[in-house]
Every structure is written in C-alpha cells, then in structure tokens.
2 protein chains.
Amino acid sequence: MAQNEPALLNIDIWTDWSYIEVMASGRPQEFDSNKVIWAAMDTFWSNGFDGTSMQQLLKSTGLSKSSLYQTFGGKQELFIRCLEEYTLAMKEKLLTQLSLSKSGIGFIREVLLSAAEEAKASSIPKGCLIMNTATEFAQSNAAVSRAVNKGIEAFRTVFLTALKKARSAKEIDADADLDQLSSYVVSSMSGIKSMVKGGVDEKAVRSIVDIVMRSLS
Amino acid sequence: MAQNEPALLNIDIWTDWSYIEVMASGRPQEFDSNKVIWAAMDTFWSNGFDGTSMQQLLKSTGLSKSSLYQTFGGKQELFIRCLEEYTLAMKEKLLTQLSLSKSGIGFIREVLLSAAEEAKASSIPKGCLIMNTATEFAQSNAAVSRAVNKGIEAFRTVFLTALKKARSAKEIDADADLDQLSSYVVSSMSGIKSMVKGGVDEKAVRSIVDIVMRSLS
DNA sequence: TTAAATATGGACCGAATGGTCCAATATAGA
DNA sequence: TCTATATTGGACCATTCGGTCCATATTTAA
C-alpha cells in the first residue's frame, strides 16, 4: 500500500450500517461487530496493514468475505475502524488507570515501563498500533493520517492530564510547559517501543525510561 | 511478509559474486552494484519492505529481473544489503559531521533537528530506514533483526562518541553514564522521527528536541 | 576463431492478492 | 404464510505477487 488514497468519500456511515440499531427487519447479524473489530485490530497490530492479508483477516475475525465487505466496506475501511477503536479504548483504559493511580508521574512511569515488559516477554513485540501505522504510512494516505493524528492527540491528552495531576501534587516544576512535555512523553513512548521492536533488551529500556522520567521532574 | 524466515543460510557471499573483482572472464556487469543498492534502498526507505514490489524495484534500479536475482539473490537479500549499506553510509556520514563540528552536544542537536526539517518539508517523511524496519519486522525475521541491531549499535556508537567529546569539553556532567545516554539519544531520535511521520508540526518537533537536549546537560 | 563465462530480456509459473457478485438461507413484521 | 430485508458462503474475477528458467547476447581468455 502506502499509495495515494482513492478519490472518494471515506465516510463509512454509507457502507457500515451497524450504526443503526435495528430499524428494518431481516436476518440479524450473527457476529458481534465489536469483537470482529478487535480481532482484526490484533491482526493489523501484529502484522501492519500491508502485512495483513484478507485471508488472515477472514480467519481471525471468523467472517465470510461478503460479510466483511458488506459490513465494513473493505480492508482499508476496516483498518481505519480499528485505528479509531484502538484510540478510543486506549484512551479510556489509560484515563482509568490514571484516575486509580496516586501520582501523575508514577502513572507515566508505569506506562513507559510497560514497554519494557514487552522487551522481557519472549513473544514478538507489537508496539503501538498508532505509531506503527504512522511509521508504515507516514503521510501517504489522508484518511489514515487523520486517524493517526487523532490517536496521537488522544495520547497527548492523557499525558497532559497526568502532568497536570503531577503539577498539582508538586511533583514537577510549577512553570513547566505541560503541552510541550506531553508531546515529549508521546515521542519518548514511541521511541522506546521502536527500540524494543529493534531488539534492545529490558535493562537498556529501563535505563531509557529513567532518563525520560528524570527529565520531567 | 513479517513471517518467520526460511530455514536456510543467509550468507549472501554465496549468491552475490560482486565481491570478487573480475577473476573469471565473461561479459562484464553493465550496472554499478552500489548505485543499484542505493536506488533500491531509497525505494524500500519510502515504502517499507512489504510496501515495495519487485516491479518498483526493477524500475528504480533499472535492472532486469534476472540480473537482480542473479546478483542479489532475491528481494529479502537485496533488502538486507540495503540495510547494511545504509548503516555503513550513515555511520560514516555522521562521524564525519561530528569530526567537523566543534561541539558534541551541538552535533547531537543538529542531528535531532534534521528530523524537524522533514516535518517542514512538503514531501512525505521517510524517517530512518533502520527504525522503520524495526517497526515493520519487530523480531519476526532473524536475518533482518540482525541487520537492524547492527544499525542501532552503529547509531549508538556515533552518539557515544559525540557524548564523549561533549564530556571532554565539559558540556555535560562528568559522571553521566554515557552508554545509557547514547541509547536514550537513539530512542529519542526514533521517537521524534515517528512523530514527524505521524504529522506533528515543526514547532512541536523543535520543542521536543529542546527537552531532549536539556536532559543531556 | 573458438570456447567458456557471464549478462540480459522476457516468457512463464503457481499462488495469493483485494474485490465483486449471486444464489441460497434465514429472519422479522404484516 | 408471505414478503421484504439481511446475512452468508463460495464461485469467480483480473491483477499482482515473488520467483524460476531458458534462449540469446556479449565479452574475455585461450
């Protein structure tokens, strides 16, 4: 892929009727749209967009080809739905985790260290779907770029919230520019994850996290 | 792609005879192997491994299919040659740049800021071939991982040299752990480049660079 | 001039690609 | 029960994929 996008409207409202709850009669859907999206997301997450074939997608979702095309429109449309769902779910999960954590700084450290866990694990590191996609597509496809941007902004928002919490608790400098710092944390997160994908070991990852954390406070 | 590697020795000495200078008679090669590698590298760099087709490769290199297969073995072998050449060339270029620069810290800042240039440019950002590949393949292919690791180590070496120079010039703390810092710089570089690919604007990139630089001294 | 060695272009390969289409099936409401 | 509406599985599509192979062209050394 990584070519220019086709010259058509990419508003999947027109092809994906799952937004509308029942409305008309007929045979009901036999699958859970959300589970399908998560299954597809996991496949894209591990293999990238180009690296994922329709066959893999059909296998992991359990759908038939026509169901997938009818419901989601196509590979790219499904992919973008996955990016959106990923963004939404991650943001929610992280904000919950943040609200449960005592310290804003501690929360950020936890999140960064979760990358180190991937380095320790024997399985192949998946990284972050949003940043993987940024790397794969760069700015070659407008619809994808839009979804990636929203993802990055979501992460930035989460970290900004954490930094504000940290400032309130006087964990960080009172007059630090939190907007800039939040971008820095996203960037650092992305860098660390790519190092893990590159094979850097857990110890090295932890020392990078330490340096990042030191630069916050 | 992104599957497991085939169970065969990947020592391209056996398939690529361009190492041997002439030795036997016969029709001489009509193309410059190095130029071919650079043309292929540029294509892989822009589109990734999966995103690059043989057709594109033949077009960008100007080779015929048989010449390419005869000379390099195949798509993956050529790709790995590109990774190696990229590593070598980048290391050399950066070390030269470093030796010409007055300050180790200044050099690192220059390199990080070069990512900001990509954000400013209207063309699609290519990022770093090594980190792009790390992201695309993760640890799914041993031969590729080996090449990626060598690349990361090369970058680390460059930055380590710069940091030592900075320490000699008392630009940074005398008892900083330069090994750790060099990994941190590579990670930061990678993070910044992925932010650029994700569409973050130049100003934001520059502020991230500032924070990274501040954490060094 | 001849033989050996190499380069080259293109035909050809099977498999897989993303995508379309339709007949059969199943369900809900009238 | 009948009809309208959806879902579903699979046949089918042209195209492209990476890769092999061979006949031909070209060059060097003997």
Side-chain angles (χ1 to χ4, degrees), chain A residues 1-3 5-6 8 10 12 14-33 35-36 40 43-44 47-80 141 144, chain B residues 1-6 8 10 12 14-33 35-36 40 43-44 47-80 141 143-144:
Chain A
M1 231 283 173
Q3 311 299 9
E5 64 175 344
L8 50 82
N10 255 326
D12 52 15
W14 299 114
T15 53
D16 178 7
W17 294 90
S18 68
Y19 284 110
I20 292 138
E21 284 304 326
V22 166
M23 185 180 149
S25 65
R27 182 173 168 180
Q29 216 174 39
E30 288 182 3
F31 54 85
D32 180 338
S33 265
K35 281 189 181 173
V36 165
T43 312
F44 283 130
N47 306 109
F49 181 81
D50 275 339
T52 299
S53 67
M54 278 305 298
Q55 283 215 8
Q56 285 177 275
L57 241 26
L58 298 181
K59 191 181 169 191
S60 66
T61 61
L63 259 63
S64 73
K65 202 169 241 191
S66 34
S67 298
L68 195 148
Y69 273 90
Q70 177 130 346
T71 313
F72 299 100
K75 192 187 177 188
Q76 177 172 308
E77 288 85 347
L78 175 58
F79 182 59
I80 288 179
N141 179 303
V144 171
Chain B
M1 228 286 170
Q3 311 299 8
N4 287 330
E5 66 173 343
L8 50 81
N10 255 327
D12 53 14
W14 300 116
T15 52
D16 178 6
W17 295 90
S18 69
Y19 284 109
I20 292 138
E21 284 304 324
V22 166
M23 183 182 149
S25 66
R27 180 174 170 182
Q29 217 174 42
E30 288 181 4
F31 54 86
D32 180 338
S33 266
K35 281 189 181 171
V36 166
T43 312
F44 282 129
N47 307 108
F49 181 81
D50 275 339
T52 300
S53 68
M54 279 303 301
Q55 284 216 7
Q56 285 176 277
L57 241 26
L58 298 182
K59 190 179 171 192
S60 66
T61 60
L63 260 61
S64 73
K65 203 169 238 192
S66 35
S67 297
L68 194 148
Y69 274 89
Q70 177 132 343
T71 312
F72 298 100
K75 192 187 177 189
Q76 178 173 307
E77 288 85 347
L78 175 58
F79 182 59
I80 289 179
N141 179 304
V144 171

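In what follows, chains carry the letters A, B, and so on, assigned in the order in which the sequence lines appear, proteins first and then strands, with residues in each chain numbered from 1. Computed from heavy atoms alone, side chains included, the values below leave out hydrogens, waters and symmetry copies.
Applying the 4.0 Å criterion to OP1 and OP2 of dT8(C), one finds that Ser67(B) has a side-chain N or O inside that range. In terms of phosphate contacts, Ser64(B) brings a side-chain nitrogen or oxygen within less than 4.0 Å of OP1 or OP2 of dG9(C).
The backbone N or O of Met54(B) sits nowhere less than 3.5 Å from a side-chain atom of Lys65(B) that would complete a donor-acceptor pair.
Nearest to the side-chain atoms of Gln70(A) among the listed nucleotides dT7(D), dG18(D), dC21(C) stands dT7(D). Counting only heavy atoms from C-beta on, Phe31(B) has its side chain closest to dT8(C) among dT20(D), dT8(C), dC17(D). Taking every side-chain heavy atom of Ser66(A) into account, dG10(D) is the closest of dG10(D), dG10(C), dG19(D).
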Steps toward side-chain contact (heavy atoms from CB on, under 4.5 Å) verdict (Asp50(A), Phe49(B)): CA-CA 9 Å; Asp50(A) 275 339; Phe49(B) 181 81; over 6 Å; no
Pair Phe31(B), Thr61(B) - check side-chain contact (heavy atoms from CB on, under 4.5 Å), show working. CA-CA 9 Å; Phe31(B) 54 86; Thr61(B) 60; over 6 Å; no
List the steps, then state whether side-chain contact (heavy atoms from CB on, under 4.5 Å) holds for Gln56(B) with Phe44(B). CA-CA 10 Å; Gln56(B) 285 176 277; Phe44(B) 282 129; over 6 Å; no
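With hydrogens and angles ignored, a donor-acceptor pair closer than 3.5 Å exists between the side chain of Lys65(A) and the base of dG19(C).
Using a 4.0 Å heavy-atom cutoff across all strands shown, Ser53(B) reaches sugar-phosphate atoms only and no base atom.
To the nearest angstrom, C1' of dT16(D) lies 13 Å from CE of Met54(B). Here the C1' atom of nucleotide dG9(C) and the OH atom of Tyr69(B) are 15 Å apart, to the nearest Å.
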